[in-house]
Trainee: 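My questions all concern the structure below.
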Protein chains: 2
Amino acid sequence: MLSVIQSPAVAPVRQPAAIVLDGLHLNFGPGETIFDEGQPADRVYQLISGSLRTCRILRDGRRQIEAFHFAGDVFGLETGETYRAAAQTLGPCSVRVMPRAALDALAQERGDVARRLLELTTESLRRCQDHVLMLGRRIACERVAALLLDLAERTGAHALLDVPMTRQDMADYLGLTIETVSRTFTQFQHDGLIALPTTRKVLLRDRAALEEMVD
Amino acid sequence: MLSVIQSPAVAPVRQPAAIVLDGLHLNFGPGETIFDEGQPADRVYQLISGSLRTCRILRDGRRQIEAFHFAGDVFGLETGETYRAAAQTLGPCSVRVMPRAALDALAQERGDVARRLLELTTESLRRCQDHVLMLGRRIACERVAALLLDLAERTGAHALLDVPMTRQDMADYLGLTIETVSRTFTQFQHDGLIALPTTRKVLLRDRAALEEMVD
DNA sequence: CGGACCCTTGATAGCTTTCAAGTCAGGTGG
DNA sequence: CCACCTGACTTGAAAGCTATCAAGGGTCCG
């Protein structure tokens with residue numbers, strides 16, 4: 001039901017060894033919810049193609065996106081009873097699903113699987129800590145620059161980025177408003193840091209300057 | 001060298017089963033650095049008594065505190081080569097130390113130890129995600145209220161809190177400035193939510209109202 | 001062509017920061 | 001015992017960054 005291989009075909013330019021869930025395949029359209037916050041966390045997923053967001057919502061509607069996920073990423077991994085964030089597709093997505101009970105059982109008997117789960121969790125923690133630093137101590141333009149560079153790295157793009165999310169998604173990930181994100185893009189254009197062939201494509205024209213902003 | 005027990009004496013009112021590192025004991029004075037960001041991560045620690053902060057610093061000096069730790073907490077757990085944050089004591093601290101290599105080896109051969117490491121990492125991730133939501137989408141007074149309630153819960157205090165950190169530490173944890181934290185405390189006092197017997201003691205007078213702010 | 005959604009831009013408001021004093025508490029030494 | 005010193009904390013005034021409110025433009029699609 002599950003295999004641990006060196007470099008899964010589904011994750012082209014990504015991390016080292018990855019777990020591959022080998023279960024049911026599901027397809028989702030754009031903007032669909034895979035699971036909701038608070039729902040019983042009885043399944044674990046791996047994204048085969050497409051991209052998605054995980055997010056939490058406060059009572060009054062304020063939304064915080066915790067993470068974006070791309071091909072190869074495992075998501076929906078929980079230790080509690082319920083999902084702590086909702087998972088929603090950004091565009092069409094193909095995912096593999098595995099019952100959590102099965103994964104837990106497998107981790108119980110196979111040390112390498114348990115170890116891989118720890119690696120995945122640690123990687124999430126690392127990203128989350130970077131997110132904290134960004135939200136706590138970086139100004140708007142630094143946050144946007146960090147997101148662009150992260151996107152470039154994770155999607156394996158060199159200079160021309162495909163941006164799968166809306167400005168609102170970016171804002172809710174960066175702890176900003178849609179207007180501030182938009183204005184920052186405009187500013188970056190004027191400063192020659194990026195170009196915007198279309199709304200959803202970003203050409204990095206001065207990566208060094210962007211990296212300088214992030215650290 | 002290491003045992004997994006139900007409820008260690010070092011952690012009075014805390015989580016379920018906890019790992020206990022059984023190695024060298026060390027004592028630190030107030031404001032001492034246990035390890036620095038970027039240093040080789042070759043040891044794992046458990047706090048026996050006292051409290052500490054883990055933090056990261058940007059080139060220009062901006063500081064973000066990632067977490068506060070209290071008696072029983074394990075810290076310094078890394079999978080990379082180096083520590084990603086520094087650990088500094090808030091007051092006098094007593095810690096146990098274990099070589100990381102030993103812990104890794106033990107996790108390799110004992111499933112329960114490996115599982116406990118995953119639990120610890122997951123718990124850190126859960127806290128980190130709450131931190132992200134707070135920094136991204138909460139206003140100043142909500143952040144301060146959240147910190148006070150978290151402190152109350154983690155130190156087992158009912159109404160009278162001992163605050164082991166400075167206002168600056170709180171600010172750097174909450175993504176605010178020291179002045180804003182101070183003003184918020186003053187405001188809370190005026191509104192009858194808290195009282196401040198001393199600077200470092202907080203009496204929760206209206207916990208319901210504070211909880212209402214946090215969600 | 002109309003509608004819906006997304007994005008951009010402008011003007012204004014507001015929360016938090018910055019800058020600047022001033023107060024307070026704890027520890028030291030005369 | 002008390003003056004003094006230092007670090008921590010509080011408070012005030014002004015500035016600034018980002019949010020809010022509002023309107024307009026663009027694009028895709030039925």
Side-chain angles (χ1 to χ4, degrees), chain A residues 29-32 53 58 60-64 88-92 134-145 147-148 161-191 194-202 213, chain B residues 29-31 53 58 60-64 88 90-92 134-145 147-148 161-191 194-202 213:
Chain A
E32 284 195 63
R53 62 174 179 250
L58 297 181
D60 61 6
R62 284 176 286 179
R63 184 177 75 151
Q64 177 65 45
Q88 292 150 351
T89 62
L90 297 177
M134 180 165 81
L135 296 177
R137 288 297 180 226
R138 304 198 110 109
I139 62 177
C141 62
E142 294 171 343
R143 299 184 198 189
V144 174
L147 175 57
L148 290 179
L161 285 186
D162 265 297
V163 178
M165 71 286 285
T166 66
R167 298 287 190 267
Q168 185 66 61
D169 287 332
M170 294 188 196
D172 288 344
Y173 176 77
L174 299 173
L176 302 170
T177 61
I178 183 175
E179 293 93 336
T180 298
V181 171
S182 183
R183 277 188 251 269
T184 303
F185 269 73
T186 302
Q187 185 64 48
F188 279 4
Q189 259 189 118
H190 290 165
D191 297 348
I194 63 170
L196 294 170
T198 76
T199 316
R200 296 299 189 93
K201 287 191 188 301
V202 177
M213 298 183 77
Chain B
R53 62 176 180 250
L58 298 180
D60 63 4
R62 283 177 285 180
R63 184 178 74 153
Q64 177 64 45
Q88 292 151 351
L90 299 177
M134 179 165 83
L135 296 178
R137 288 300 179 221
R138 306 199 106 110
I139 61 177
C141 62
E142 295 171 341
R143 299 184 197 188
V144 174
L147 176 57
L148 290 178
L161 285 187
D162 265 298
V163 178
M165 71 286 284
T166 66
R167 299 286 190 269
Q168 185 65 61
D169 287 332
M170 295 187 195
D172 288 344
Y173 177 76
L174 299 173
L176 301 170
T177 60
I178 182 175
E179 294 93 335
T180 298
V181 171
S182 182
R183 278 188 251 269
T184 303
F185 270 72
T186 302
Q187 186 63 48
F188 280 2
Q189 257 189 118
H190 289 166
D191 297 347
I194 63 170
L196 293 169
T198 75
T199 317
R200 296 299 189 93
K201 286 191 189 299
V202 177
M213 297 182 77

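Protein chains get the first letters and strands the later ones, always in sequence-line order, with residue 1 at the start of each.
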Trainee: In this structure, how many angstroms lie between the P atom of D:dT20 and the CG atom of A:Leu176, rounded?
Mentor: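 Checked: the CG to P distance equals 11 Å.
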Trainee: Considering residues at least two apart in sequence or located in another chain, which fulfil the ring pair (Phe, Tyr, Trp, His ring centres under 6.0 Å) criterion with A:Tyr173?
Mentor: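 A:Tyr173 satisfies ring pair (Phe, Tyr, Trp, His ring centres under 6.0 Å) with A:Phe68, A:His131 once adjacent residues are dropped.
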Trainee: Do A:Thr166 and A:Arg200 make a side-chain contact, defined as non-hydrogen atoms from C-beta onward lying under 4.5 Å apart?
Mentor: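 Result yes, sub-4.5 Å side-chain heavy-atom pair found.
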Trainee: Rounded to the nearest angstrom, tell me the gap between atom CD in A:Glu142 and atom C1' in D:dT18.
Mentor: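 Going from A:Glu142 (CD) to D:dT18 (C1'), I get 14 Å.
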Trainee: Measure all distances between protein nitrogen or oxygen atoms and nitrogen or oxygen atoms of nucleotides 5-10 of chain D, and list the pairs falling under 3.5 Å.
Mentor:
| from | atom 1 | to | atom 2 | distance (Å) |
| --- | --- | --- | --- | --- |
| D:dC9 | OP1 | B:Arg200 | NE | 2.9 |
| D:dC9 | OP2 | B:Arg167 | N | 3.0 |
| D:dT10 | OP1 | B:Arg167 | NH2 | 3.2 |
| D:dT10 | OP2 | B:Arg167 | NE | 2.9 |
| D:dT10 | OP2 | B:Ser182 | OG | 2.7 |
| D:dT10 | O5' | B:Ser182 | OG | 3.0 |

Trainee: Taking the side chain as every heavy atom from C-beta outward, state whether A:Phe185 and A:Thr199 have any atom pair closer than 4.5 Å.
Mentor: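 Counting from C-beta outward, A:Phe185 and A:Thr199 never come under 4.5 Å.
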Trainee: To the nearest Å, give me how far apart CZ (B:Arg137) and P (C:dT16) are.
Mentor: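 Result: 14 Å.
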Trainee: Quick one: B:Ile139 CD1 to D:dT18 P, roughly how many Å, whole number?
Mentor: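 Rounded to the whole Å, the gap is 18 Å.
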Trainee: Decide yes or no for A:Gln168 and A:Arg63: does some side-chain heavy atom of the first lie under 4.5 Å from some side-chain heavy atom of the second?
Mentor: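 Answer yes - side chains close enough.
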Trainee: Does A:Gly175 reach a base, just sugar-phosphate, or nothing at all? Heavy atoms under 4.0 Å.
Mentor: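 Result for A:Gly175 = sugar-phosphate.
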Trainee: I need the A:Gln189 CD to A:Gln187 CD distance, nearest 0.5 Å.
Mentor: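 Rounded to the nearest 0.5 Å, the CD-CD separation comes to 10.5 Å.
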Trainee: Send over the distance from B:Gln187 CD to C:dT16 P, rounded to a whole Å.
Mentor: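 Rounded to the whole Å, the gap is 11 Å.
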Trainee: Kindly determine whether B:Leu135 and A:Met134 satisfy side-chain contact (heavy atoms from CB on, under 4.5 Å), including the steps that lead there.
Mentor: CA-CA 9 Å; B:Leu135 296 178; A:Met134 180 165 81; over 6 Å; no
Trainee: If we fit an axis to the first five pairs and another to the last five of the helix from C:dC1-D:dG30 to C:dG30-D:dC1, what angle do they make, to the nearest 10°?
Mentor: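 That helix gives 30° between its end axes.
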Trainee: When you compare the side chain of B:Gln64 with that of B:Leu58, does any pair of heavy atoms fall below 4.5 Å?
Mentor: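 They are not in side-chain contact.
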Trainee: Test A:Lys201 against A:Leu161 for side-chain contact (heavy atoms from CB on, under 4.5 Å), laying out the working first.
Mentor: CA-CA 6 Å; A:Lys201 287 191 188 301; A:Leu161 285 186; over 6 Å; no
Trainee: Could you check how far CG of B:Leu174 sits from P of C:dC15, rounded to whole Å?
Mentor: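 About 18 Å, once rounded to whole Å.
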